[in-house]
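One-based numbering, in listed order, for ligands and for the atoms of each. FYI, the numbering just counts along the sequence from 1.
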Amino acid sequence: MHSYRITPLKTGTIVVDQGAYVTRGIGLGIEVGIPGTAWYVTDGRRKIMVDAGMCPTELADWHHKGSRQDPGEAVHEQLQALGVDPSEIELVILTHLHWDHCHNLDKFSRARFLVHSRELAFARDPIPPYYKSYEHQRLGCLPPYAEIPLETIAGEAEILPGITIFPTPGHSPGHQSVAVATEAGVHVIAGDAVFSYANLVPASEHLPFTVMGRFSDIVESWRSMEEIVRRGKVILPGHDMRVMDHPVYPTGIKI
Ligand SMILES: [Zn+2]
(Lines give C-alpha, C1' and ligand atoms only; values in the text may rest on other atoms or scores of the structure.)
Protein backbone atom coordinates (compact mmCIF):
# COMPACT_ATOMS: atom_id res chain seq x y z
CA MET A 1 0.00 0.00 0.00
CA HIS A 2 1.64 3.19 -1.15
CA SER A 3 0.91 6.43 0.56
CA TYR A 4 1.95 9.77 -0.85
CA ARG A 5 1.62 13.32 0.34
CA ILE A 6 0.84 16.13 -2.07
CA THR A 7 1.93 19.73 -1.58
CA PRO A 8 0.30 22.39 -3.78
CA LEU A 9 2.64 25.17 -4.89
CA LYS A 10 1.23 28.48 -6.09
CA THR A 11 3.74 29.57 -8.72
CA GLY A 12 1.98 32.84 -9.48
CA THR A 13 -1.38 34.49 -10.06
CA ILE A 14 -3.14 34.63 -13.41
CA VAL A 15 -5.84 37.23 -13.99
CA VAL A 16 -8.71 35.90 -16.09
CA ASP A 17 -12.37 36.51 -16.77
CA GLN A 18 -14.43 34.14 -14.62
CA GLY A 19 -17.10 33.51 -17.26
CA ALA A 20 -14.68 33.16 -20.16
CA TYR A 21 -12.17 30.84 -18.49
CA VAL A 22 -13.46 29.19 -15.34
CA THR A 23 -17.21 28.68 -15.64
CA ARG A 24 -18.45 29.14 -19.18
CA GLY A 25 -20.88 32.04 -19.40
CA ILE A 26 -21.21 32.38 -15.62
CA GLY A 27 -19.41 35.43 -14.26
CA LEU A 28 -18.68 37.15 -17.57
CA GLY A 29 -16.98 40.49 -16.99
CA ILE A 30 -15.73 39.48 -13.53
CA GLU A 31 -11.94 39.44 -13.21
CA VAL A 32 -10.51 36.82 -10.89
CA GLY A 33 -7.00 35.88 -9.80
CA ILE A 34 -6.34 32.17 -10.11
CA PRO A 35 -3.19 30.31 -9.06
CA GLY A 36 -0.71 28.79 -11.47
CA THR A 37 -0.44 25.50 -9.62
CA ALA A 38 2.32 22.89 -9.46
CA TRP A 39 2.31 19.84 -7.20
CA TYR A 40 5.08 18.23 -5.20
CA VAL A 41 4.37 14.57 -4.47
CA THR A 42 6.43 12.38 -2.15
CA ASP A 43 6.19 9.23 -0.09
CA GLY A 44 9.27 10.33 1.86
CA ARG A 45 11.58 8.57 -0.55
CA ARG A 46 10.44 9.27 -4.09
CA LYS A 47 10.20 12.91 -5.13
CA ILE A 48 7.90 13.74 -8.00
CA MET A 49 6.41 16.84 -9.55
CA VAL A 50 3.14 17.16 -11.40
CA ASP A 51 3.54 20.25 -13.59
CA ALA A 52 6.05 22.99 -12.87
CA GLY A 53 3.91 26.09 -13.06
CA MET A 54 4.32 29.48 -14.62
CA CYS A 55 6.89 32.09 -15.61
CA PRO A 56 8.14 35.47 -14.35
CA THR A 57 5.81 38.46 -14.26
CA GLU A 58 6.82 40.10 -17.53
CA LEU A 59 5.85 37.08 -19.61
CA ALA A 60 2.82 36.26 -17.45
CA ASP A 61 1.54 39.80 -17.97
CA TRP A 62 1.87 39.34 -21.74
CA HIS A 63 -0.40 36.30 -21.51
CA HIS A 64 -3.01 37.82 -19.24
CA LYS A 65 -2.71 41.47 -18.23
CA GLY A 66 -2.09 41.87 -14.52
CA SER A 67 -0.79 38.34 -13.97
CA ARG A 68 2.32 38.05 -11.85
CA GLN A 69 4.87 35.84 -10.16
CA ASP A 70 5.93 37.35 -6.84
CA PRO A 71 9.45 36.90 -5.43
CA GLY A 72 9.94 33.35 -4.18
CA GLU A 73 6.98 31.89 -6.09
CA ALA A 74 8.92 30.14 -8.87
CA VAL A 75 8.68 26.39 -8.53
CA HIS A 76 12.34 25.76 -7.73
CA GLU A 77 12.35 28.50 -5.09
CA GLN A 78 9.37 26.99 -3.36
CA LEU A 79 10.87 23.52 -3.38
CA GLN A 80 14.04 24.89 -1.84
CA ALA A 81 11.94 26.57 0.85
CA LEU A 82 10.52 23.11 1.59
CA GLY A 83 14.04 21.74 1.88
CA VAL A 84 13.93 19.94 -1.45
CA ASP A 85 16.61 20.58 -4.04
CA PRO A 86 15.08 20.48 -7.55
CA SER A 87 17.85 18.09 -8.61
CA GLU A 88 16.35 15.51 -6.23
CA ILE A 89 13.16 15.32 -8.31
CA GLU A 90 13.20 12.06 -10.26
CA LEU A 91 10.04 12.49 -12.33
CA VAL A 92 8.05 15.43 -13.69
CA ILE A 93 4.63 14.53 -15.06
CA LEU A 94 3.22 17.24 -17.31
CA THR A 95 -0.57 17.37 -17.49
CA HIS A 96 -0.25 19.41 -20.69
CA LEU A 97 2.06 21.97 -22.28
CA HIS A 98 0.22 25.27 -21.84
CA TRP A 99 2.56 28.06 -20.71
CA ASP A 100 1.36 28.14 -17.11
CA HIS A 101 2.31 24.49 -16.46
CA CYS A 102 5.78 23.92 -17.86
CA HIS A 103 8.21 26.74 -17.06
CA ASN A 104 11.51 26.16 -15.22
CA LEU A 105 11.77 22.52 -16.32
CA ASP A 106 15.54 22.99 -16.70
CA LYS A 107 15.78 23.27 -12.91
CA PHE A 108 15.00 19.55 -12.64
CA SER A 109 18.41 18.45 -13.80
CA ARG A 110 18.04 14.75 -13.04
CA ALA A 111 14.36 14.20 -13.77
CA ARG A 112 12.51 12.30 -16.45
CA PHE A 113 9.74 14.34 -18.09
CA LEU A 114 6.53 12.67 -19.21
CA VAL A 115 3.93 14.18 -21.52
CA HIS A 116 1.18 12.60 -23.62
CA SER A 117 2.27 12.06 -27.22
CA ARG A 118 -0.87 13.76 -28.55
CA GLU A 119 -0.14 16.85 -26.46
CA LEU A 120 3.41 17.17 -27.72
CA ALA A 121 2.27 16.74 -31.31
CA PHE A 122 -0.36 19.47 -30.95
CA ALA A 123 1.99 21.80 -29.07
CA ARG A 124 4.45 21.56 -31.97
CA ASP A 125 1.79 22.30 -34.55
CA PRO A 126 -1.23 23.96 -32.93
CA ILE A 127 -3.99 25.85 -34.67
CA PRO A 128 -3.33 29.62 -34.55
CA PRO A 129 -5.67 30.42 -31.61
CA TYR A 130 -3.39 28.24 -29.47
CA TYR A 131 -0.03 29.71 -30.51
CA LYS A 132 0.01 31.90 -27.42
CA SER A 133 -1.02 29.13 -25.03
CA TYR A 134 2.02 27.12 -26.11
CA GLU A 135 4.39 30.11 -26.55
CA HIS A 136 4.86 28.85 -30.07
CA GLN A 137 7.82 29.74 -32.29
CA ARG A 138 5.48 31.34 -34.83
CA LEU A 139 5.00 34.18 -32.33
CA GLY A 140 8.76 34.53 -31.96
CA CYS A 141 8.80 32.68 -28.63
CA LEU A 142 10.93 29.79 -27.52
CA PRO A 143 8.49 27.27 -25.98
CA PRO A 144 9.40 26.55 -22.36
CA TYR A 145 9.81 22.84 -23.07
CA ALA A 146 11.85 23.35 -26.26
CA GLU A 147 15.20 22.22 -24.88
CA ILE A 148 13.86 19.61 -22.47
CA PRO A 149 14.19 15.89 -23.30
CA LEU A 150 10.50 15.05 -23.06
CA GLU A 151 9.41 11.42 -23.06
CA THR A 152 5.98 10.68 -24.44
CA ILE A 153 3.39 8.24 -23.25
CA ALA A 154 0.01 7.39 -24.69
CA GLY A 155 -2.72 5.92 -22.57
CA GLU A 156 -2.89 4.86 -18.96
CA ALA A 157 0.18 3.78 -16.98
CA GLU A 158 1.02 3.13 -13.34
CA ILE A 159 4.30 4.92 -13.77
CA LEU A 160 5.43 4.32 -10.19
CA PRO A 161 3.70 2.21 -7.53
CA GLY A 162 0.68 4.24 -6.45
CA ILE A 163 1.08 6.87 -9.19
CA THR A 164 -1.18 6.36 -12.21
CA ILE A 165 -1.26 8.65 -15.22
CA PHE A 166 -4.43 8.53 -17.31
CA PRO A 167 -5.62 10.49 -20.36
CA THR A 168 -8.09 13.32 -19.73
CA PRO A 169 -8.30 15.16 -23.05
CA GLY A 170 -10.61 18.08 -23.71
CA HIS A 171 -8.99 21.10 -22.11
CA SER A 172 -6.18 20.40 -24.54
CA PRO A 173 -5.91 17.53 -27.04
CA GLY A 174 -3.40 15.46 -25.08
CA HIS A 175 -4.19 16.40 -21.51
CA GLN A 176 -3.55 13.82 -18.78
CA SER A 177 -4.25 13.63 -15.04
CA VAL A 178 -2.58 11.77 -12.19
CA ALA A 179 -4.19 9.47 -9.62
CA VAL A 180 -2.13 9.40 -6.42
CA ALA A 181 -2.55 6.78 -3.68
CA THR A 182 -2.73 8.33 -0.21
CA GLU A 183 -3.67 7.07 3.23
CA ALA A 184 -7.00 8.84 2.75
CA GLY A 185 -7.84 7.33 -0.63
CA VAL A 186 -7.01 8.21 -4.21
CA HIS A 187 -6.40 11.89 -4.86
CA VAL A 188 -6.61 12.91 -8.50
CA ILE A 189 -4.40 15.81 -9.56
CA ALA A 190 -6.70 16.86 -12.35
CA GLY A 191 -4.58 19.51 -14.05
CA ASP A 192 -6.86 21.71 -16.12
CA ALA A 193 -9.25 18.85 -16.84
CA VAL A 194 -10.97 20.33 -13.78
CA PHE A 195 -10.17 24.03 -13.66
CA SER A 196 -11.89 24.85 -10.38
CA TYR A 197 -14.06 23.29 -7.68
CA ALA A 198 -16.84 25.33 -9.29
CA ASN A 199 -16.71 22.96 -12.28
CA LEU A 200 -17.68 20.05 -10.02
CA VAL A 201 -20.85 21.80 -8.85
CA PRO A 202 -24.00 20.73 -10.72
CA ALA A 203 -25.17 23.48 -13.07
CA SER A 204 -28.73 22.15 -12.97
CA GLU A 205 -30.71 19.01 -12.23
CA HIS A 206 -29.52 17.36 -15.43
CA LEU A 207 -26.02 18.81 -15.51
CA PRO A 208 -23.80 17.26 -12.85
CA PHE A 209 -20.93 19.58 -13.79
CA THR A 210 -20.45 23.25 -14.64
CA VAL A 211 -18.64 23.43 -17.98
CA MET A 212 -15.24 25.11 -18.05
CA GLY A 213 -14.66 28.17 -20.15
CA ARG A 214 -11.65 26.83 -21.99
CA PHE A 215 -11.59 23.58 -23.91
CA SER A 216 -10.38 22.20 -27.22
CA ASP A 217 -13.20 19.61 -27.25
CA ILE A 218 -16.21 19.90 -25.00
CA VAL A 219 -17.24 16.26 -25.43
CA GLU A 220 -13.82 14.97 -24.40
CA SER A 221 -13.70 17.50 -21.57
CA TRP A 222 -17.00 16.29 -20.17
CA ARG A 223 -15.99 12.63 -20.40
CA SER A 224 -12.71 13.43 -18.70
CA MET A 225 -14.49 15.07 -15.77
CA GLU A 226 -16.66 11.96 -15.44
CA GLU A 227 -13.55 9.78 -15.41
CA ILE A 228 -11.79 11.92 -12.81
CA VAL A 229 -14.78 11.88 -10.47
CA ARG A 230 -15.08 8.12 -10.93
CA ARG A 231 -11.46 7.56 -9.89
CA GLY A 232 -10.82 10.12 -7.22
CA LYS A 233 -11.98 10.26 -3.64
CA VAL A 234 -10.52 13.75 -3.63
CA ILE A 235 -10.15 15.94 -6.73
CA LEU A 236 -7.46 18.62 -6.89
CA PRO A 237 -8.28 21.19 -9.60
CA GLY A 238 -5.67 23.09 -11.60
CA HIS A 239 -6.64 26.69 -10.98
CA ASP A 240 -8.53 27.11 -7.71
CA MET A 241 -7.13 29.30 -4.91
CA ARG A 242 -8.94 27.13 -2.38
CA VAL A 243 -6.51 24.25 -2.89
CA MET A 244 -3.98 26.50 -1.14
CA ASP A 245 -6.10 26.44 2.03
CA HIS A 246 -4.27 23.23 2.88
CA PRO A 247 -0.46 23.06 2.90
CA VAL A 248 -0.55 19.33 2.23
CA TYR A 249 -2.95 16.60 1.05
CA PRO A 250 -4.44 14.44 2.33
CA THR A 251 -5.75 17.03 4.75
CA GLY A 252 -5.86 16.45 8.46
CA ILE A 253 -2.50 14.72 8.74
CA LYS A 254 0.52 16.00 10.59
CA ILE A 255 3.23 17.43 8.35
ZN1 LIG B 1 -3.55 26.10 -16.83
Q) Got a second to check how far Arg214's CZ is from His239's NE2, nearest 0.5 Å? A) 10.5 Å

Q) Is the closest basic N to carboxylate O distance between Arg230 and Glu227 below 4.0 Å? A) yes

Q: Please state whether the rings of His2 and Tyr4 are parallel, tilted or perpendicular, taking 30° and 60° as the class boundaries.
A: parallel

Q: Give me the ring orientation class for Tyr131 and His136: parallel if the planes are under 30° apart, tilted from 30 to 60°, perpendicular past 60°.
A: parallel

Q | Under 2.8 Å from the Zn ion (ligand 1), the protein N, O or S atoms, given as residue and atom | A | Asp100 OD2, His101 NE2, Asp192 OD2, His239 NE2

(Q) Could you check whether any side-chain heavy atom of Phe108 comes within less than 4.5 Å of a side-chain heavy atom of Val92, counting everything from C-beta outward? (A) yes

(Q) Any non-hydrogen side-chain atom of Leu79 less than 4.5 Å from a side-chain atom of Lys107? (A) no

